[in-house]
2 protein chains.
Amino acid sequence: MLRMSRITDYGIVLLTKLAADAAAAERAEGSADSPTSTAPETIHNARELAARAGLPLPVVSKILKTLTRGGFLVSQRGARGGYALARRPEEISVASIIDALEGPIALTECGTEPQGACERESRCAVRQPWQRINREVRKTLERVRLSDLAGPGPDFDDSHAAFPLLLQEPLPVSPGSGAPAAD
Amino acid sequence: MLRMSRITDYGIVLLTKLAADAAAAERAEGSADSPTSTAPETIHNARELAARAGLPLPVVSKILKTLTRGGFLVSQRGARGGYALARRPEEISVASIIDALEGPIALTECGTEPQGACERESRCAVRQPWQRINREVRKTLERVRLSDLAGPGPDFDDSHAAFPLLLQEPLPVSPGSGAPAAD
DNA sequence: AGATAGAGGACCGTTCGAGTCCAGTAAATA
DNA sequence: TATTTACTGGACTCGAACGGTCCTCTATCT
């Protein structure tokens, strides 16, 4: 199914919420005297985020810890502590989030392993092409930023084309192949 | 790790070998009197393919059966039986192969499930964007054809740029985000 | 001091995928 | 026709990975 783990899925949802809140707070206070992104308004603790996302607290807690280690969040311990985005949403790509939560993006193992690590490499005819496919999928995921996922606001509308970069038409396929693959 | 199953990986390797052989046979006989792609030269049995790929026979057998059910191969029972490509390599997309071997391509579950199937949908802020990401990754995989993986021949060379469509430069990211995400 | 909340890591149960095996059937050949 | 070859379909097992929980420690605020 070419899927990523549920943890990553949850992680992106959580980051999206934080990004949306940060954007809302920034908008609300204008250019006030709270310059840092760790202003109290943008700090949320795990319990609150778990409740809002409808996910169990331990899971959310684990994910937030990982994201902090990965440099996406800054944490504040103790009473009134919590998490806040460490960077602006536009500076965080979906690819980097996936990297942090479940290792480097690669459809096949030979995409990440150093060359020569696969004992079947000698008779493997597709290593090079796969590496290119991996690269291309990765580029796609790098183009998408957290700010794209957060959307323009709570009244998010699909027709707004949140990230128009993804709406480009697919390039024409190889000439001569009239019928596309059945799918 | 955003990976697909090993079975799918193997399946693509096997199909690639069959595609390369079919192309070689077609080239060798020119436009002889064997019009169908199921000519004896292009039939290979599971045992042979397993040996050439360096994979266990039962696994290869299982994969070939699945691919036959999916319409990618035609099978011939009995002595001197085997498998042959059902379609031309240019007509088979990597996306469709993945579909056949491990279900529809979707990074998250909400990409495939019918709308409303996720009980968290009401508070899920990222469903729509994810569906677009899924769609884009899928397009990427649809652009790549089996013929691209097979390469120009046995003396396959990376510099030949087997599928130039994938070598396009990445589009510029959202303006205003100077620093790319750390990865 | 006490309460709050993150940090870190151990732990467990379930699921899922890889891989094996077997009985059945179709086709070719001797 | 008997035998061999080879695909068909499905059941089955083993192990790893993942989701999820829990516990202890530390830092910070009131």
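Numbered from 1 within each chain, the chains take letters A, B, ... in sequence-line order.
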At a cut-off of 3.5 Å, list every protein nitrogen or oxygen paired with a nitrogen or oxygen from nucleotides 11-15 of chain C, distance to 0.1 Å.
none

- Rounded to whole angstrom units, what separation is found between the CD atom of A/Glu48 and the C1' atom of C/dT4? 15 Å

- Message: On a heavy-atom basis, which atom in B/Gln76 and which in B/Ile43 lie closest, and how many Å separate them?
- Response: CB-CD1, 4.4 Å

- Query: Backbone N or O of B/Ser5 within a donor-acceptor pair of the B/Glu102 side chain at under 3.5 Å?
  - Reply: yes

- What are the two closest heavy atoms between A/Ala95 and A/Glu142, and how far apart are they? CB-CG, 3.5 Å

- Message: Using the side chain to side chain contact (heavy atoms under 4.5 Å, CB included) definition, which of the options A/Val94, A/Leu101, A/Leu149, A/Leu85 pairs with A/Leu15?
- Response: A/Leu85

- Task: Let me have a per-nucleotide readout for nucleotides 1-7 of chain D, 5' to 3', with B, S or -, counting only protein heavy atoms under 4.0 Å.
- Result: ----BSB

- Item | Distance in angstrom units between A/Leu73 CG and C/dA5 P, rounded | 17 Å

- Does the side chain of A/Ser5 get closer than 4.0 angstrom to OP1 or OP2 of D/dA17 through an N or O atom? no

- Between CG of A/Leu101 and P of D/dA17 the distance, given in whole Å, is 18 Å

- Can you see which heavy atom on B/Arg143 is nearest to which on B/Asp148, and at what distance? O-OD2, 3.8 Å

- Item | Least distance between heavy atoms, B/Ala100 atom then B/Phe72 atom | CB-CE1, 3.2 Å

Just list the side-chain donor-acceptor pairs under 3.5 Å for residues 56-68 of chain A, sequence neighbours left out, or say none.
unit_1	atom_1	unit_2	atom_2	d
A/Thr66	OG1	A/Lys62	O	3.1
A/Thr68	OG1	A/Leu64	O	2.8

- Note on the structure: For B/Arg52 and B/Lys17, the nearest pair of non-hydrogen atoms, with its separation, is O-CE, 3.9 Å

- Check the distance between D/dA17's C1' and A/Arg6's CZ and give it to me in whole angstrom. 13 Å

- Message: Measure CG/B/Leu57 against P/C/dA18 and give the value in whole Å, please.
- Response: 17 Å

